[in-house]
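The block underneath contains the structure these notes are about, expressed in structure tokens.
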Amino acid sequence: MPDAISLTRKDVRRALAAYHLRRGRIDEVFERLRSIQYDPLSPAGCNHDLVLQARVPGYEVGHWQSYAYTQRRVYDGWDKQASLIPYEGWRARRVICKWQSRWLDELVRDHPGAVETVLGELERNGPLEPGELEFQQHRPEWKGSWYGPSLTKRTLRALWHAGRIMTHSRRNGRHVYDLTERVVPAAQLEEPPLTDAESVRAILRDRHRGMGLIRPTAPYEVWAMDNKHSGHRAIRDDMVRTGELIPVEIEGVKANAAPELLELLGEKPPARVTFVAPLDQLLWDRKLVEHLFEFAYKWEVYVPERRREYGYYVLPVLYGDRFIGRIEFSARQKVLEIKRWSPHGGRLPRDAMRAALERFRRYVGAEAVVQADGVPPFPG
């Protein structure tokens with residue numbers, strides 16, 4: 001294995017901030033990140049909106065939908081959890097569908113006929129929302145489970161995870177399903193399939209490129225790989241040997257870097273305040289973020305209210321290469337409310353904060369900005 005390049009935390013902080021917060025068109029952002037995690041919670045736009053507003057000048061909540069469903073440049077699929085993924089990545093992620101087919105196999109075994117019935121309806125009448133299918137069956141014993149008591153919905157989700165159907169579009173956030181061959185552009189459908197190893201290699205390349213660098217010991221959620229079948233650790237080690245990934249050591253912490261990130265070593269990040277999405281690639285490896293930035297972040301949406309330290313849907317605030325605070329917004333009826341503001345050390349950049357807040361106001365389409373009672377003074 002090649003020797004690791006020794007870097008300082010400052011070196012890497014600056015390179016990561018410059019790499020992630022480079023402004024560009026939506027296609028350029030997807031090209032760099034390789035996928036954006038989809039989450040439906042929307043206090044001030046969804047996570048995928050927040051990722052894009054941090055990087056795309058003039059982006060407004062919901063602009064991604066035309067890019068996905070009209071232009072067919074990205075699709076709803078499974079990468080690191082539910083994600084928006086460029087169609088160039090569809091072939092490689094077929095291996096994820098293969099790993100997830102066990103759920104579909106169980107449905108075929110336990111509920112014969114449901115899969116064929118649903119597929120037949122979609123073929124004749126699709127695209128369809130779950131409630132639009134004629135086939136509607138429920139299992140009372142499933143009440144309270146993750147996917148609820150509807151056999152129809154479970155069948156659709158199992159087919160979706162297995163890659164037999166895809167999200168054609170969304171209505172008010174709800175999936176509208178259709179057959180995969182009617183959603184994926186012909187250019188991708190006609191390409192020859194990849195082997196499992198080729199697929200895993202492509203996904204690992206995308207993951208490192210999207211994040212910039214990753215610790216080999218990063219948690220499972222970062223890789224989203226089937227540990228039993230993927231062989232991703234051995235493939236990752238081979239990518240280090242061949243120079244596709246570059247081993248680095250950052251003041252005692254080992255990681256593998258994408259070559260694109262190392263090209264930015266020595267570059268100074270823009271002196272701009274950015275409100276960072278909770279599921280942004282920059283934050284995926286929380287332990288590495290804490291080591292590099294001396295900033296511990298936890299997304300507390302699933303933490304009981306009485307135990308939350310900073311709030312429900314809190315966004316880290318980045319200035320240059322330093323996190324300077326945490327903020328929670330709520331956007332409703334043309335009003336952007338600052339619900340919480342927690343500074344994180346150091347002097348605050350008043351002008352840059354004011355500019356960031358104005359950009360965020362435009363992003364959510366608000367006409368006014370207000371502060372909740374008891375919120376500490378917010379610069380700007």
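The main-chain N or O of Ser83 is never found under 3.5 Å from a side-chain atom of Ser35 such that the two would form a donor-acceptor pair.
Remark: Arg170 is positioned above the aromatic ring of Tyr38, its terminal NZ or CZ atom under 6.0 angstrom from the ring centre and at most 45 degrees off the axis. The cationic group of Arg157 does not satisfy the cation-pi geometry with Trp103, failing either the under 6.0 Å distance to the six-membered ring centre or the 45° limit from the ring axis. For the pair Arg236 and Trp223, the cation-pi test (distance below 6.0 Å, angle within 45°) is passed.
The CD atom of Gln188 sits 8.0 Å away from atom CH2 of Trp90, with the distance rounded to the nearest 0.5 Å. How far CG of Leu84 is from CG of Asp79: 10.5 Å, rounded to the nearest 0.5 Å. Here the straight-line distance linking atom NE2 of His344 with atom CZ of Arg326 works out to 6.0 Å at 0.5 Å rounding. Between the CZ atom of Arg207 and the NE2 atom of His232 there is a distance of 10.0 Å, given to the nearest 0.5 Å. The CE atom of Met211 lies 7.5 Å from the CG atom of Leu213; values are rounded to the nearest 0.5 Å.
The ring pair (Phe, Tyr, Trp, His ring centres under 6.0 Å) search around Tyr310 returns none, not counting sequence neighbours. In this view, Glu129 and Glu132, Arg171, Arg174, Val176 satisfy the side chain to side chain contact (heavy atoms under 4.5 Å, CB included) rule, not counting sequence neighbours. Residues forming a ring pair (Phe, Tyr, Trp, His ring centres under 6.0 Å) with Tyr297 (at least two apart in sequence, or on another chain): none. The side chain to side chain contact (heavy atoms under 4.5 Å, CB included) test applied to Pro193 returns no partner, not counting sequence neighbours. With sequence neighbours excluded, the residues that form a side chain to side chain contact (heavy atoms under 4.5 Å, CB included) with Arg25 are Asp27, Glu28. With sequence neighbours excluded, the residues forming a ring pair (Phe, Tyr, Trp, His ring centres under 6.0 Å) with Phe323 are Phe293, Phe295, listed by chain and number. Evaluation of the side-chain hydrogen bond (donor to acceptor under 3.5 Å, both in side chains) rule for Trp284 yields no partner, not counting sequence neighbours. Partners of Glu198 by side-chain hydrogen bond (donor to acceptor under 3.5 Å, both in side chains), not counting sequence neighbours, listed by chain and number: Thr195. Shown here are the ring pair (Phe, Tyr, Trp, His ring centres under 6.0 Å) partners of Phe135, two or more places apart in sequence or in another chain: there are none.
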Check residues 41-58 and write down every donor-acceptor pair under 3.5 Å in which the side-chain atom is one partner and the other belongs to a residue at least two apart or another chain.
unit_1, atom_1, unit_2, atom_2, d
Asn47, OD1, Leu279, N, 2.8
Asn47, ND2, Gln37, O, 2.9
Asp49, OD1, Tyr59, OH, 2.5
Asp49, OD1, Gly62, N, 2.9
Asp49, OD2, Cys46, N, 3.2
Gln53, NE2, Leu50, O, 3.0
Gln53, NE2, Phe275, O, 2.8
Arg55, NE, His20, O, 2.8
Arg55, NH1, Val51, O, 3.1
Arg55, NH1, Asp280, OD2, 2.7
Arg55, NH2, His20, ND1, 3.2
Arg55, NH2, Asp280, OD1, 2.9
Arg55, NH2, Asp280, OD2, 3.3

Can I get a per-line list of side-chain donor-acceptor pairs under 3.5 Å for residues 95-102, giving both atom names and the distance, sequence neighbours left out?
unit_1, atom_1, unit_2, atom_2, d
Lys98, NZ, Asp196, OD1, 3.4
Lys98, NZ, Asp196, OD2, 2.8
Gln100, OE1, His161, ND1, 3.1
Ser101, OG, Cys97, O, 2.8
Arg102, NH1, Trp99, O, 3.1
Arg102, NH2, Trp99, O, 3.4

message = Test side-chain contact (heavy atoms from CB on, under 4.5 Å) on Val289 and Asp285; report intermediate values, then the result.
response = CA-CA 6 Å; Val289 169; Asp285 190 345; 5.6 Å; no

request  = Could you go through the side-chain contact (heavy atoms from CB on, under 4.5 Å) check for Leu159 and Leu107 one step at a time?
outcome  = CA-CA 10 Å; Leu159 286 165; Leu107 272 169; over 6 Å; no

message = Walk me through whether Leu262 and Ile5 qualify under side-chain contact (heavy atoms from CB on, under 4.5 Å).
response = CA-CA 10 Å; Leu262 299 185; Ile5 299 172; 4.2 Å; yes

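Lys80 and Ala224 make their closest contact through CA-CB, 3.9 Å (heavy atoms, listed as atom of the first residue, atom of the second, distance). The minimum heavy-atom distance between Tyr19 and Arg32, with the atom names listed, is O-NE, 3.0 Å. Looking at every heavy atom in both residues, Arg91 comes nearest to Glu191 through NE-OE1, 3.0 Å. Here the closest heavy-atom approach between residue Met225 and residue Ile203 is recorded as CE-CG2, 3.4 Å. Here the shortest heavy-atom pairing between Ser230 and Ile235 reads O-CD1, 3.9 Å.
Salt-bridge check for Glu358 with Arg361: passed, with a basic side-chain N closer than 4.0 Å to an acidic carboxylate O. Arg201 has a carboxylate O that lies under 4.0 Å from a charged side-chain N of Asp238, or vice versa, which qualifies the two as a salt bridge. A salt bridge does not link Arg241 with Glu244: every distance from a Lys NZ or Arg NE/NH1/NH2 to an Asp or Glu carboxylate oxygen is 4.0 Å or more. Ion pairing of Arg164 with Glu181 is absent here, as no side-chain N (NZ or NE/NH1/NH2) approaches a carboxylate O to less than 4.0 Å.
Legend: side-chain hydrogen bond (donor to acceptor under 3.5 Å, both in side chains) pairs involving residues 251-261, not counting sequence neighbours, sorted by first then second residue: Arg9-Glu251, Arg205-Glu260.
Contact annotation: the side chain of Val74 never approaches that of Ile85 to less than 4.5 Å [non-hydrogen atoms, C-beta and beyond].
Under the 4.5 Å side-chain contact rule for hydrophobic residues, Val273 and Leu348 share a cluster. Both Leu21 and Ile324 are members of a single hydrophobic cluster when ILVMFWY side chains are connected at heavy-atom separations under 4.5 Å. If you chain together hydrophobic residues whose side chains sit under 4.5 Å apart, Val364 and Val276 fall into the same group. Note on Trp160 and Tyr75: separate hydrophobic clusters, where clusters join Ile, Leu, Val, Met, Phe, Trp and Tyr whose side-chain heavy atoms are under 4.5 Å apart, directly or indirectly. Grouping the Ile, Leu, Val, Met, Phe, Trp and Tyr side chains by contacts below 4.5 angstrom, directly or via other members, places Val303 apart from Val314.
Tyr313 and Arg340 form no side-chain donor-acceptor contact under 3.5 Å, judged by distance and modelled atom types alone. Side-chain atoms of Arg94 and Thr180 form no donor-acceptor pair, as typed in the model, at a separation below 3.5 Å.
The aromatic rings of Tyr302 and Trp299 lie perpendicular to each other, with more than 60° between the two planes, well past the 30° mark. Using the six-membered ring where Trp is involved, Phe360 and Phe329 have ring planes that are parallel, under 30° apart on the 30 and 60° scheme.
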